[in-house]
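Take a look at the structure below.
If you're wondering where the values come from, they're calculated on a predicted model, not measured in any experiment. The sequence lines fix the lettering, A, B, ..., with proteins before strands; numbering per chain opens at 1.
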Amino acid sequence: MRRRVLDWYAVHARPLPWRDPETTAWGVFVSEVMSQQTPVGRVEPVWREWLARWPTAGDLAAESPGEVVRAWGRLGYPRRALRLREAAVAMVEHHDGEVPQDEDALRSLPGVGAYTAAAVAAFAHGRRTVVVDTNVRRVLARTLQGRAQAAPALTAAESRLAAEVVPQDPETSAVWNVAVMELGALVCRARSPECEACPVRDLCAWVAAGRPADDGPPRRGQAWHGTDRQVRGAIVQTLRESPDAIARAGLEHAVCTRLRLDPARHAAQVDRCVGSLVEDGLVEPVDGDRLRLPA
DNA sequence: CAATCGTGGAA
DNA sequence: TTTCCAAGATT
């Protein structure tokens with residue numbers, strides 16, 4: 001199993017820029033945060049802009065939150081941009097401006113959870129960690145458990161299983177971690193798995209079982225139309241595109257127009273979302289009734 | 001533990 | 001057209 005996956009990766013790995021040996025730990029760190037819940041294909045162009053503009057943690061730490069959110073563009077979940085900047089500040093203040101190597105130190109940074117800490121320790125520093133992302137969970141669920149998809153949330157049994165299959169040698173373990181992720185992203189995909197092209201199809205428990213459909217509870221889809229998330233997104237997008245602060249009434253109008261919502265019916269919702277964005281530090285009130293990205 | 005938090009492309 | 005979901009983190 002391990003040899004097959006490692007050999008497959010050696011041939012089929014995508015040439016992502018942050019996999020270049022020349023890429024710094026900071027570059028890897030940025031790529032991991034940007035890739036949280038965002039397809040890597042969408043991350044790549046923004047990552048290039050960021051690394052050219054802010055080549056080190058110190059460079060980003062010195063930037064204003066608003067500029068960082070603006071440069072985040074449409075990657076989604078803009079709070080990640082704020083936390084990435086806060087993580088850079090923490091690196092400057094507590095880690096001599098460098099990306100920590102220790103998994104626990106990484107985990108303590110803003111916006112860094114179990115996955116990102118393990119990934120950065122492995123891919124930026126060559127540490128032996130157990131990287132468990134959505135790809136790894138799906139690959140292990142299929143190959144070892146014979147299930148179509150992993151459980152809705154990460155279970156202790158899953159973590160144990162993932163830890164067992166990571167090679168002992170640190171160098172090999174890092175390649176293994178990224179290789180399983182890549183296999184899940186390119187071949188063992190969630191929707192249309194390409195088992196014919198899979199290096200471990202002949203020892204995959206799911207294939208052996210005839211690729212049974214998922215037997216778990218149906219996943220409730222994320223509601224979108226008319227939600228606060230949609231409204232928040234439109235607010236931040238509008239402010240991102242405006243070099244100047246915008247009056248509250250003008251912002252409400254712009255957001256409702258953008259989303260084709262009745263202003264009379266949704267003014268309160270827009271207002272409430274502005275409030276939550278201010279609390280999150282994504283929006284800043286100025287001059288009494290005007291709003292902008294935080295300076 | 002479950003809800004919340006953006007966005008856009010593919011099925 | 002609607003649905004699914006992608007290198008998760010936080011509360």
Tell me which residues in residues 40-47 of chain A put a heavy atom below 4.0 Å from DNA chain B, sorted by number, or none.
A:R42

Whole angstrom value for the distance that separates P of B:dC5 from OH of A:Y77
9 Å

Under the 3.5 angstrom rule, does the side chain of A:T38 hit a backbone N or O of A:L75 as a donor-acceptor pair?
yes

Common cluster, A:W206/A:V165, ILVMFWY with side-chain heavy-atom separation under 4.5 Å:
no

Would you list the pairs meeting salt bridge (Lys or Arg N to Asp or Glu O under 4.0 Å) in which at least one residue belongs to residues 130-148 of chain A, sequence neighbours left out?
A:R137-A:E158, A:R147-A:D215

Contact residues, residues 132-150 of chain A to DNA chain B [heavy atom, < 4.0 Å]:
none

By the side-chain hydrogen bond (donor to acceptor under 3.5 Å, both in side chains) test, which pairs, at least two apart or in different chains, include something from residues 277-295 of chain A?
A:R232-A:D280, A:E284-A:R292, A:D287-A:R290

Other ILVMFWY residues reachable from A:V11 by side-chain steps of under 4.5 Å
none

Can you tell me if the side-chain N/O atoms of A:R189 get under 4.0 Å from OP1 or OP2 in B:dG9?
no

Tell me which residues in residues 23-31 of chain A lie within less than 4.0 Å of DNA chain C, going by non-hydrogen atoms.
none

A:R258 CZ - B:dT7 P separation (whole Å):
9 Å

A:V5 vs A:V180, side-chain contact (heavy atoms from CB on, under 4.5 Å): CA-CA, chis, key distance, verdict
CA-CA 7 Å; A:V5 173; A:V180 178; 4.3 Å; yes

Residues at least two apart in sequence or cross-chain that pass ring-ring contact (aromatic ring centres under 6.0 Å, His included) with A:W54, listed by chain then number, are A:W50

Grab the CG-P distance between A:L183 and C:dA7 for me, whole Å please.
12 Å

Are a donor atom and an acceptor atom from the side chains of A:D59 and A:T56 found within less than 3.5 Å of each other?
yes

Send over the distance from A:L82 CG to C:dA9 C1', rounded to a whole Å.
14 Å

How long is the line joining CD of A:Q36 and C1' of C:dT10, in whole Å?
11 Å

Reckon A:G76 touches a base, only the sugar-phosphate, or nothing at all at heavy-atom distances under 4.0 Å?
base

Between atom CZ in A:R80 and atom C1' in B:dT4, what is the gap in whole Å?
14 Å

With nearest nucleotide decided by heavy atoms, which residue, A:S276 or A:S192, maps closer to the 5′ end of DNA chain B?
A:S276

Counting N and O atoms only, with roles assigned by atom type, does the side chain of A:S35 sit under 3.5 Å from a partner on the main chain of A:E32, one being a donor and the other an acceptor?
no

A:A153 near the nucleic acid: base, sugar-phosphate alone, or nothing, with a heavy-atom cut-off under 4.0 Å?
nothing

Quick one: pull up OG1 in A:T24 and CZ in A:F29 and give me the separation to the nearest 0.5 Å.
11.5 Å

Here the residues of residues 158-178 of chain A within 4.0 Å heavy-atom distance, strictly under, of DNA chain C are none

Scan side-chain atoms only and decide if A:S173 and A:Q168 contain a donor-acceptor pair under the 3.5 Å cut-off.
no

Derivation and outcome, salt bridge (charged side-chain N to carboxylate O under 4.0 Å, His left out), residues A:D271 and A:R248
CA-CA 8 Å; A:D271 230 45; A:R248 185 176 293 264; 3.0 Å; yes

Tell me who clusters with A:V92, hydrophobic residues only, linked when side chains sit under 4.5 Å apart either directly or through other members.
none

Just by modelled atom types, is the A:V139 backbone N or O under 3.5 Å from a matching donor or acceptor in the A:T143 side chain?
yes

Closest nucleotide among C:dT10, B:dG6, C:dA6 to the A:R83 side chain:
C:dT10

Within residues 224-245 of chain A, those residues having any heavy atom closer than 4.0 Å to DNA chain B are A:W224, A:R229, A:R232, A:G233, A:R240

Using a cut-off of 4.0 Å on non-hydrogen atoms, how would the nucleic acid contact of A:A190 be classed: base, sugar-phosphate, or nothing?
sugar-phosphate

Grab the CE-P distance between A:M34 and B:dT7 for me, whole Å please.
15 Å

Does either side chain, that of A:Y77 or that of A:R229, offer a donor lying less than 3.5 Å from an acceptor on the other one?
yes

With respect to the phosphate group of C:dG8, does any side-chain polar atom (N or O) of A:Q37 fall under 4.0 Å of OP1 or OP2?
yes

Expressed as a whole number of Å, how far does the P atom of C:dA7 sit from that of B:dT4?
24 Å

Taking side chain as C-beta onward, heavy atoms only, is A:L140 less than 4.5 Å from A:Q145?
no

Selection residues 33-45 of chain A - residue pairs positive for salt bridge (Lys or Arg N to Asp or Glu O under 4.0 Å), sequence neighbours left out
A:E44-A:R48

Any donor-acceptor pair under 3.5 Å from A:E182 side chain to A:R14 backbone:
yes

Taking only heavy atoms on the protein side, list every residue of residues 4-22 of chain A lying under 4.0 Å from any atom of DNA chain B, sorted numerically.
none

Can you confirm whether A:W26 sits close enough to A:P55 that some side-chain heavy atom of one is under 4.5 Å from a side-chain heavy atom of the other?
no

Only one of A:D228, A:V283, A:V255 clears side-chain contact (heavy atoms from CB on, under 4.5 Å) with A:C273; which?
A:D228

Take atom OH of A:Y115 and atom C1' of C:dT10, then tell me their distance rounded to the nearest Å.
18 Å

